[in-house]
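Order of the sequence lines fixes the chain letters, A, B, ..., with proteins taken first and strands second; residue numbering starts at 1 for each chain. Here the structure is a predicted model, which is why all the values come from computation and not from measurement.
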Amino acid sequence: MIKYYLKKPARSKMKEEIKEKIVEQISKEIPEVEKIKDRIKIEIPKEDKFGDIALNVAFLLAKPLKKKPVEIAGQIKEILEKMEDFSKVEVAGAGFINLFLSRSYYASVLKRILEEKDRYGAAKELNRGRINVEFVSANPTGPLHLGHGRGAVVGNVQSNLYQYIGYKVEREFYINDAGNQIKKLGESVYARFRQIEDPTYPFPEDGYHGEYIKEIAEHLHRYEREKLLSMVDEKQAIDFCAEFAKELLLERIKNDLKEFGVEFDIWFSEKKLYTSGKVDEAIQFLREKGLIYEKDGAVWVKTTMYGDDKDRVIIKSDGTYTYFAGDIAYHYDKFKRGYDFIVNVWGADHHGYFPRLRAAVMAFGVPEDWIRVIFIQLVKLFRNGQEVKMSKRSGSFVTLKELIEEVGKDAVIYFFLTKDSNTHLNFDIDLALKKSSENPVYYVQYAHARICSVFRETKERTGFDPEQDFTADIQLLKEETERVLMKYLSFIPDLIADAAEKQQPHKLTQITYQLASEFHYYYNNFKFITPDDENLMKARLYLLKAIREALRTLFRLMGITPVERM
RNA sequence: GUCCCCGUAGCUCAGAAGGAUAGAGCGCGAGAUUCCUAAUCUCGAGGUCGGCGGUUCAAAUCCGCCCGGGGACACCA
């Protein structure tokens, strides 16, 4: 699937700040550095022996200076060694410059984390722009299934991420309450209603088979039997069933999402688009721009003007609107609301639909990347190593609600975020239920609970309560593991911002897992409760407290519970 | 036919938008508990990054061609 994200690479704050400083120093002796400035990469090496930050500057200067990268690196090393942000500067490999951050730098990082708490690194003000994220948008014709759940998590977490980097986000659910699906819903419910008294009453061929349809029919039979049977016109009865079922199912959807921690600011009704004349308004707008014409008795829009393969019909020859017409009107409405950009979270099966919608939207006069789409691939459920086959048509499928009831909200969210939304996801129910390190959800939650446990134990044993505000001397944290932890903590805002800008919320699970893993290692190799060395104890607890806040920041973004006791 | 996505360890997948010896989890093999939670950790084996060219100091990553898998191309919603 195509990845539609911001074309500009992430400009993370910390890396940019460091880069500016470094370039400033180098340019004093090597002015050529200004020319290759944009290509300088501030990298966080995978291996700690390569330092906290790696620079590729020497490679970039090789050509203009006509010297070997290693020689240039040596020269730059001497310049950077004078800067106090770095405790050590090394030249390695063919010309990498590895920088080691100093303890005083880390002290400021930890302090900042404890001040910002579970909003570590988050934008203080939502002044970067106002955007709209539309997701789930399930037809109110049945319960939410796993695909919707994945879309809900991805849409919600991506919204959180946008807020983290400073956007004001409006979450929107588009209710497909017009058209054939709702009609089928009404027919299905009505047929089940009639079958209660007359089992031979025909069920519509492509109707909805789920048990919930029967339940609704039974409810109607109990409370609205006379009313429905007295309707002379069957169509009227079907409409009544449709309306009743739709409202009920929509309520259920809302409740399921709420329990899942997902809430919307706007519930937008498709039906209202038509009744309020917004479709005609949008078509009129396009007509004035000369993008509308008639052919073969239908009305077409010239989407080819904006990169679509072919023009598209918006009013069929029978006079009714196509679904596309509704979508154009819907997006015209969003356009008029004045967002800086909008994001749509769609099932991957709508992939081919994107160019045409983008074309229509571009006709409104917005740039190409004003509309962005995140595609959600299929979720397959596995139990006992076997795929749990799902079919909505036959009515045999596991709903989102059932899955949450079985494995818990946190596991569902976490598992939905383990892979790029763009790739197929295998959901292993057995793994999600395991209470061991194999289960990543337990693993990360346990890290948090463990820190809480250490704090409780500290208070118990020493009388010192780490939950209170206190200060510590970070210089005492001399272990390699501690340095690695502080380094990782310092880069977390960059990593989150990166995930936000690339629209890859699944990176949050990776960031979280890595932090948890590093902490577990620390726990297993060092003692934190050391009353005979109170200063060291406080320094370590101070670090633990920062780790806990960073975990909480990540949990908060994902919507996962920071469990204090397990 | 046109277009899009994918191909990395036995399996599931990462790979900080071109960097150092390609990583993790599971699985496999070997170990650790008088201990703040073993719901944890340590070590090891395992690779032609689908193939062939190209771009450059440097390619799993960018470009071209080929092979294999999946998907999209409605006056459906």
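Summary of the strand contacts: A:N439 and A:R565 both lie near RNA chain B, and taking for each the nucleotide with the nearest heavy atom, the more 5' one is attributed to A:R565. The residue among A:E270 and A:P69 whose nearest nucleotide of RNA chain B is located toward the 5' end is A:P69.
With a 3.5 Å ceiling on both atom-pair distances, B:A39 lacks any Watson-Crick or G-U wobble partner. In this structure B:C49 sits in no base pair that meets the Watson-Crick or G-U test at under 3.5 Å. Here B:A72 sits opposite B:U2 as a Watson-Crick or G-U wobble pair (both hydrogen-bonding atom distances under 3.5 Å). Across all strands shown, B:C26 pairs with B:G10; the Watson-Crick or G-U wobble distances both stay below 3.5 Å. If you check B:C62 for Watson-Crick or wobble pairing at under 3.5 angstrom, you find it paired to B:G54.
Between the side chains of A:H331 and A:N344, at least one donor N or O lies within less than 3.5 Å of an accepting N or O.
Checking the phosphate oxygens (OP1, OP2) of B:G15, a side-chain nitrogen or oxygen of A:K507 falls inside 4.0 Å. Within the 4.0 Å cut-off from OP1 or OP2 of B:C76, not a single side-chain nitrogen or oxygen of A:K183 is found. A sub-4.0 Å separation between OP1 or OP2 of B:C41 and a side-chain N or O of A:R450 is absent. Remark: A:Y522 is not in phosphate contact with B:C36, judged by side-chain N or O atoms under 4.0 Å from OP1 or OP2. Residue A:K316 places at least one side-chain N or O closer than 4.0 Å to OP1 or OP2 of B:C76. For A:K310 and B:A74, the shortest distance from a side-chain N or O to OP1 or OP2 is below 4.0 Å. Put simply, A:Y523 has a side-chain N or O that comes within less than 4.0 Å of OP1 or OP2 on B:A38.
Rounded to an integer number of Å, the gap from CD1 of A:I175 to P of B:A77 is 19 Å. For A:K68 and B:C57, the NZ to P distance is 15 Å, given to the nearest whole Å. At whole-Å resolution of the value, CD in A:Q514 and P in B:G15 are 12 Å apart.
Within the nucleic acid shown, A:A92 comes within 4.0 Å of at least one base atom, counting heavy atoms only. Heavy atoms of A:Y521 sit under 4.0 angstrom from primed sugar atoms or phosphate atoms, though from no base atom. Among the protein residues, A:F526 comes within range of the nucleic acid bases, having at least one heavy atom under 4.0 Å from a base atom. At a threshold of 4.0 angstrom between heavy atoms, the contacts of A:Y513 are confined to the sugar-phosphate backbone, with no base atom among them. Heavy atoms of A:S453 sit under 4.0 angstrom from at least one base atom. No engagement by A:D308 is indicated, since no non-hydrogen atom pair under 4.0 Å with the nucleic acid exists.
Judged by distance alone with a 3.5 Å cut-off, a donor-acceptor contact links the side chain of A:S317 to the base of B:C75. A donor-acceptor contact under 3.5 Å is not formed by the side chain of A:N56 with the base of B:A20.
With centres under 5.5 Å and a plane angle under 30° as the test, the ring of A:F59 is not stacked against the base of B:A58.
Each of A:L557, A:T512, A:I560, A:T509 was checked for a side-chain contact (heavy atoms from CB on, under 4.5 Å) with A:L417, and the lone residue meeting it is A:T509.
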